[in-house]
Amino acid sequence: MTKDGMDQPANLPLDGERKLPELQRVAEIEQLHRYQLARSLATGLDVLDIACGEGHGTDAIAANAKSVVGVDISEPAVRHAKLHYRDPNLSFHVGSATDIPLPDDSVDMVTSFETIEHLEEYDRMMQELQRVLRPGGLLLISSPNKLENPGKSLGDSPLHGKELSTDELVELVDGYFSNTCHYGQRLSTASLIANDQSAAFRVLADSDIHDNVANARHDLVLASDGELPELPNSIYEIPGVPLEPYSVEDMQNGATDQKEKPKQAMGEQEQSSSPEDSLSKLKGTLAERDEIISHLIEHLRSTTIAANEVVQSRFWRKTSLKRRLSNSMRKRRGRPKRIWPEKFETPDFVERILAGDTNVNLFLPDRRASAAQGVIPPFGRYGKGPNLPVVQYSQVKEGFVDYIPHETLETVVKAIAFYLPQYHPFPENDKWWGKGFTEWTNVGKAHPLFAGHHQPHCPIHLGYYDLRLPEVMEEQARLARNYGVSGFAYYFYWFAGKLLMEKPLEAMRDNPNVDMPYCMIWANENWTRRWDGLDQEILIAQDHSLEDSRAMLQYLESFMKDPRYIRINGKPLFIVYRAHLIPDFKETVQMWREQAKEMGLDGLYVVSAQTADSGTPEELGLDAAMQFPPHAVDAKNVTKLVDNLANEFEGGIYDYDDIVSKEVRKEPSAKKTFRTAMLSWDNTARRGLKASVFTDFSLTRYSQWLSANVENAAKDPNLSDDERIVFINAWNEWAEGTHLEPDQLYGYGYLDATQKVLANYDSASAPFLRPEIPETTEAQYAIVAHVHYSDTWPELKELIDTLPQGAVDVYVTTTSLEAALIVSRSMPEAHVELVDNRGRDVRPFLITAKRIAHLNYRAVCKVHGKKSVYRVDGDKIRKSTLSALINKSAIKKFEADPKLGMLATKQSVHKHESVNMRHNRATVKELAREIGLEYRDGQFIAGTMFWITPKAVEPLLKLNINDFDVERGLADGTLAHAVERVFVNLVEKSGYRLESF
């Protein structure tokens with residue numbers, strides 16, 4: 001009896017299954033870690049802990065929760081829990097996970113740790129968990145990973161007869177909850193739990209680096225039909241236990257000291273080993289390694305044989321009905337059908353080892369998204385996507401970049417940066433904000449609002465400059481031209497005849513040493529106290545009228561007659577920020593055009609920014625529209641996901657990675673639209689706790705946004721050569737956190753990323769932007785090749801040269817001007833086109849297929865020079881496939897068989913299976929609907945190198961080439977991979993057949 005008269009809790013049996021707090025083995029530490037995470041999520045919630053065991057973890061949750069119910073099938077365990085844990089908001093009951101003794105919709109959260117692997121009725125348990133959860137409730141479930149667990153620990157329980165793999169657990173939970181997030185857990189002197197979709201937690205183990213928990217022993221899934229709470233990556237430690245690293249080290253040191261004592265009595269000569277001894281030991285080590293490899297290969301081969309015996313056995317045939325029923329149930333639940341293997345094969349590199357190939361690299365580096373070096377996380381900090389192998393796909397360097405001198409670029413597409421002339425004192429600012437106020441005043445006062453927030457932005461190169469000094473604008477022009485920027489768009493402030501900040505602009509106009517083309521943007525809004533949150537208090541107002549607009553243009557005459565002023569088709573370019581604010585703007589534009597001719601100009605080219613409330617160019621009488629992010633963008637709000645956000649924050653935080661992805665795919669709303677790329681937008685310096693912040697900025701994503709814009713401008717048939725312009729927001733909006741000018745964090749990185757894009761569109765690129773395609777051709781066949789790596793072109797050319805002269809036309813797409821020049825010089829007859837690095841080799845193929853559709857080739861050979869760095873045999877596969885396809889025997893096959901629609905190497909033909917469709921099925925289905933294809937599982941050509949009849953490709957030409965996302969370096973799961981998986985379907989739909997050889 002206890003002092004209060006209650007029965008003493010009975011001791012539970014040490015069956016290896018109950019996690020008892022007095023034990024501190026591996027299993028207990030892992031379980032305690034999971035419960036501490038659950039506790040952090042349970043604040044103020046009603047919680048069910050199913051299979052609660054002896055109750056220690058349930059009691060831990062009760063410290064934060066509103067109420068907790070522990071349910072376990074073991075009566076002794078429940079009795080023990082009731083006696084031992086007596087928190088008033090805590091109760092325990094006997095019950096099963098498949099028959100929970102609680103009413104419907106009774107709890108906000110369910111924890112289920114190491115439970116489901118004991119059951120056969122997985123779905124029944126999930127249905128019960130869903131039943132007791134309230135709408136939007138949260139499930140935190142864990143289970144041992146059967147692919148990592150077997151035989152790894154003495155603590156493994158024989159009761160775990162139904163363990164699941166990671167994929168099986170995730171797929172099971174996905175079937176019942178609309179939102180899920182997977183975490184891996186294992187012990188590493190402490191228990192580690194990390195989200196496999198995040199790169200915020202890095203594990204360093206000797207020479208290996210992982211940005212999540214590699215080889216996780218346990219899987220946790222956080223699931224809900226509502227919004228998922230943030231669950232940070234974490235470790236769980238218990239100081240003072242034998243697992244504590246210092247304790248282990250002390251034990252090792254003690255043992256070492258005992259061993260060293262006899263050695264101290266020996267001479268140095270006896271302790272040292274000879275070179276022969278070292279060589280002998282090395283040979284012995286290598287022999288042991290070879291023996292281990294030999295055993296592993298033999299085990300792999302015997303396992304493959306055994307697996308093939310199973311799928312060919314009578315038993316397997318008898319289970320076919322059960323498998324069909326299983327797939328029927330999966331279909332009813334909206335889950336993908338399982339494709340059961342017909343045959344297992346050992347990997348190619350095993351056969352190469354057995355054949356004596358000594359060049360096999362058995363230890364490929366970990367190239368998953370979370371472990372790749374020099375590659376930004378594929379989906380940013382707040383996006384979702386698979387943790388798959390990635391490749392280095394960008395030459396843009398993240399982090400601080402030093403100044404680099406460059407040759408001046410004369411680009412086909414002109415990049416113009418918005419320029420703010422605020423950086424000098426003037427009387428109105430002194431009156432409104434205090435003596436000596438400039439833009440720098442706000443910039444210097446900014447401070448971070450959350451973990452990792454880049455504030456303040458501190459300028460380098462020119463420092464906190466003053467625009468009254470002529471040397472400043474001269475140096476800005478030199479710096480911009482060095483990195484390929486073609487012009488500045490100066491903000492111009494006119495308020496019913498009143499000018500603000502005009503002095504630097506007038507000084508620039510009168511200073512020929514400012515060697516930079518320019519145009520003007522009329523910032524035609526009222527000027528308010530928006531900076532300090534008083535948006536409604538007007539400091540100086542606009543008073544728009546025809547007379548005022550005429551006077552404004554009259555003032556600008558001297559600027560527009562400057563030889564440096566930017567002209568489009570001979571007309572000065574004039575941008576009005578918010579044209580819809582001007583009454584009768586269409587009439588105003590007409591007046592301006594007539595006035596410009598009266599001034600001796602050829603007219604006026606008028607543009608307005610696209611904002612949420614702007615009208616169409618036709619309605620306003622404009623020549624074109626101009627994008628103006630962050631206006632009119634679909635921004636993903638991630639405010640609730642941001643760590644350590646200031647308590648009084650009232651603004652909004654948005655995902656920069658997400659906005660780039662959306663903007664590069666967005667179709668312009670006007671026929672003539674000048675596209676604009678934005679650097680990191682962050683007006684904390686002006687708005688403080690009411691700021692709008694685009695977080696997770698990267699130079700890579702900015703460069704991709706700019707690159708997509710430049711490609712569109714270069715190839716848009718609606719634009720004249722003078723209209724091939726893109727804008728950049730901005731050159732020096734320091735208080736808005738968007739500037740090309742160098743700062744302490746990225747140095748010259750903003751400019752370096754810009755130059756790398758624009759260098760591809762030097763004047764030498766002109767022949768490769770809109771290459772002329774002949775109206776007719778005598779050739780019946782074509783080679784369509786994509787060359788991303790220029791060093792792979794020689795092997796492609798060598799094979800093409802073996803084909804009979806005149807038998808094929810050659811079309812080559814490249815992602816760099818360098819590669820385009822190499823191809824063009826070595827094969828002048830080839831049609832070469834420069835494309836943005838998006839959609840791998842698939843998007844470029846579709847661009848070419850559209851251009852050559854009218855030529856009605858019998859078949860085209862789609863090939864590429866991609867390096868499959870995910871595989872040890874990538875180069876061998878590419879070279880053997882190319883030599884088989886670019887061969888006159890392939891052409892003869894099409895000549896001999898009119899029903900042949902696709903030709904591919906046998907090794908590249910694969911069946912649609914759960915593994916290769918896991919990350920693609922949803923995209924494939926969406927793609928099929930868009931192109932009118934009735935998709936069905938069948939075959940696809942891995943690597944997308946094959947001969948194909950153009951008639952089969954026609955449905956894919958409906959796709960907009962801008963539907964492809966920015967390149968993220970992923971090995972799978974993209975639109976390009978989805979297109980890869982429907983080519984065979986399209987061939988069969990067209991009435992043709994596939995032949996493999």
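Computed from a predicted model, the values in this text were never measured in an experiment. Along the sequence shown, residues carry numbers from 1.
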Practice task
State whether a side-chain donor-acceptor pair under 3.5 Å links S889 with N887.
Solution key: yes
Practice task
Just do the salt bridge (Lys or Arg N to Asp or Glu O under 4.0 Å) check on D972 and R981 with the steps written out, would you?
Solution key: CA-CA 11 Å; D972 203 2; R981 281 153 173 78; 3.7 Å; yes
Exercise for the section: Under the salt bridge (Lys or Arg N to Asp or Glu O under 4.0 Å) rule, what do K958 and E930 come out as? Steps first, then yes or no, please. Expected result: CA-CA 8 Å; K958 300 176 185 177; E930 186 172 350; over 6 Å; no
Problem - side-chain contact (heavy atoms from CB on, under 4.5 Å) between V633 and Q627, intermediate numbers included - result: CA-CA 9 Å; V633 299; Q627 294 177 343; over 6 Å; no
Problem - Donor-acceptor pair between E967 and S394 side chains, under 3.5 angstrom - result: no
Problem - Whether N712 side chain and A708 backbone form a donor-acceptor pair below 3.5 Å - result: yes
Practice task
Take E398 and T700, measure what side-chain hydrogen bond (donor to acceptor under 3.5 Å, both in side chains) needs, and give me the verdict at the end.
Solution key: CA-CA 7 Å; E398 297 292 338; T700 300; 2.6 Å; yes
Problem - Considering all heavy atoms, the nearest L758-G484 contact - result: CD1-O, 3.2 Å
Exercise for the section: Would you please test R858 and L900 for side-chain contact (heavy atoms from CB on, under 4.5 Å) and show each step? Expected result: CA-CA 10 Å; R858 169 66 182 92; L900 180 60; 4.3 Å; yes
Exercise for the section: Please check if the side chain of T848 supplies one atom and the backbone of P844 the other of a donor-acceptor pair under 3.5 Å. Expected result: yes
Handout entry: Side-chain donor or acceptor of E711 paired with backbone N/O of D836 under 3.5 Å
Key = yes
Handout entry: Given T944, I783, I948, the one that forms side chain to side chain contact (heavy atoms under 4.5 Å, CB included) with K862
Key = T944
Problem - Side-chain (N729) to main-chain (L679) donor-acceptor, under 3.5 angstrom - result: no
Exercise for the section: Kindly say whether A714 contributes a backbone atom to a donor-acceptor pair with the side chain of R724 at under 3.5 angstrom? Expected result: yes
Practice task
For the pair Y656 and R701, evaluate side-chain contact (heavy atoms from CB on, under 4.5 Å) and give the outcome as yes or no after the intermediate values.
Solution key: CA-CA 8 Å; Y656 185 86; R701 291 287 177 259; 4.0 Å; yes
Handout entry: Sidechain N-carboxylate O distance under 4.0 Å for D658, K662
Key = yes
Problem - Given F674, F488, F727, Y518, the one that forms ring pair (Phe, Tyr, Trp, His ring centres under 6.0 Å) with F418 - result: F727
Exercise for the section: Might you point out which heavy atoms bring A976 and V842 nearest each other, and give the distance in Å? Expected result: O-CG2, 3.7 Å
Problem - Distance-only side-chain donor-acceptor flag, E741 / W731, under 3.5 Å - result: yes
Completion exercise
dist L573:CG -> I568:CD1 (nearest 0.5 Å) comes out at 4.5 Å
Handout entry: Stepwise salt bridge (Lys or Arg N to Asp or Glu O under 4.0 Å) test for E980 and R840
Key = CA-CA 11 Å; E980 175 186 62; R840 300 292 173 87; over 6 Å; no
Exercise for the section: Determine whether the side chains of S707 and Q704 contain a donor N or O and an acceptor N or O closer than 3.5 Å. Expected result: no
Handout entry: Aromatic contact, Y748 with F400 (centres under 6.0 Å)
Key = no
Problem - Distance-only polar pair, side chains of T676 and N709, donor-acceptor under 3.5 Å - result: no
Exercise for the section: Keeping the roles fixed (side chain from N760, backbone from T815), state whether a donor-acceptor pair exists under 3.5 Å. Expected result: yes
Problem - cation_pi(R838, F964) dist<6.0 Å, angle<=45 - result: no
Handout entry: Neighbour count above 12 (heavy atom, 6.0 Å) for K671 NZ
Key = no
Problem - Trace of the side-chain contact (heavy atoms from CB on, under 4.5 Å) decision for R481 with L409 - result: CA-CA 8 Å; R481 291 295 291 267; L409 288 174; over 6 Å; no
Handout entry: Validation row, ring centre Y761 to ring centre F768 under 6.0 Å
Key = no
Exercise for the section: Would you please say whether a donor-acceptor pair under 3.5 Å links the side chains of E895 and Q780? Expected result: no
Handout entry: K756-S703 side chain donor-acceptor pair, cut-off 3.5 Å
Key = no
Problem - Pairwise distance CD1(I773) to OG1(T777) - rounded to 0.5 angstrom - result: 10.5 Å
Handout entry: Donor-acceptor contact present, side-chain W947 to main-chain L885, <3.5 Å
Key = yes
Exercise for the section: Could you tell me whether K571 sits above the aromatic face of Y605, with NZ or CZ closer than 6.0 angstrom to the six-membered ring centre and within 45 degrees of the axis? Expected result: no
Exercise for the section: Return yes if a side-chain donor-acceptor contact under 3.5 Å exists between D965 and S661, otherwise no. Expected result: yes
Problem - Any donor-acceptor N/O pair, S824 side chain to A820 backbone, under 3.5 Å - result: no
Handout entry: Within 6.0 angstrom of E407 CD, more than 12 heavy atoms from elsewhere
Key = no
Handout entry: Test item: M902 and R993 side chains (from C-beta on) under 4.5 Å apart, heavy atoms
Key = no
Exercise for the section: Please assess E723 against K672 for the test salt bridge (Lys or Arg N to Asp or Glu O under 4.0 Å), listing each intermediate value before the final yes or no. Expected result: CA-CA 9 Å; E723 291 171 320; K672 286 190 177 182; 2.8 Å; yes
Practice task
Supply the atom-to-atom distance R968 CZ to T974 OG1, rounded to the nearest 0.5 angstrom.
Solution key: 10.5 Å
Handout entry: Between Y781 and D809: side-chain donor-acceptor atoms closer than 3.5 Å
Key = no
Exercise for the section: Look at the aromatic rings of F845 and F983 and report parallel, tilted or perpendicular, splitting at 30° and 60°. Expected result: perpendicular
Practice task
Give a yes or no on this: more than 12 heavy atoms of other residues, nucleotides or ligands lie within 6.0 Å of atom CD of Q805.
Solution key: no
Handout entry: K906, NZ atom: more than 12 neighbouring heavy atoms under 6.0 Å
Key = no
Problem - Atom pair NE2/CD1 of H854 and I852 - distance to nearest 0.5 Å - result: 8.5 Å
Practice task
Could you tell me whether the side chain of S883 and the main chain of S880 form a donor-acceptor pair under 3.5 Å?
Solution key: yes
Practice task
Measure from the side-chain N and O atoms of N920 to the backbone N and O of N916, and report whether any donor-acceptor pair falls under 3.5 Å.
Solution key: yes
Handout entry: More than 12 heavy atoms from other groups under 6.0 Å of NZ on K951
Key = no
Practice task
Can you measure from CG (D752) to CG (L699) and round to the nearest 0.5 angstrom?
Solution key: 8.0 Å
Handout entry: Plane angle bin for H831 and Y811 - parallel if under 30°, tilted between 30 and 60°, otherwise perpendicular
Key = parallel
Exercise for the section: Look at the aromatic rings of Y702 and F697 and report parallel, tilted or perpendicular, splitting at 30° and 60°. Expected result: tilted
Handout entry: Nearest atoms (heavy-atom pairs only) where L796 meets A785
Key = CD1-CB, 4.4 Å
Practice task
Working to the nearest 0.5 Å, report the span between NE2 of H786 and OG1 of T792.
Solution key: 9.5 Å
Problem - Among R770, R843, K715, the one residue meeting salt bridge (charged side-chain N to carboxylate O under 4.0 Å, His left out) with E833 - result: K715
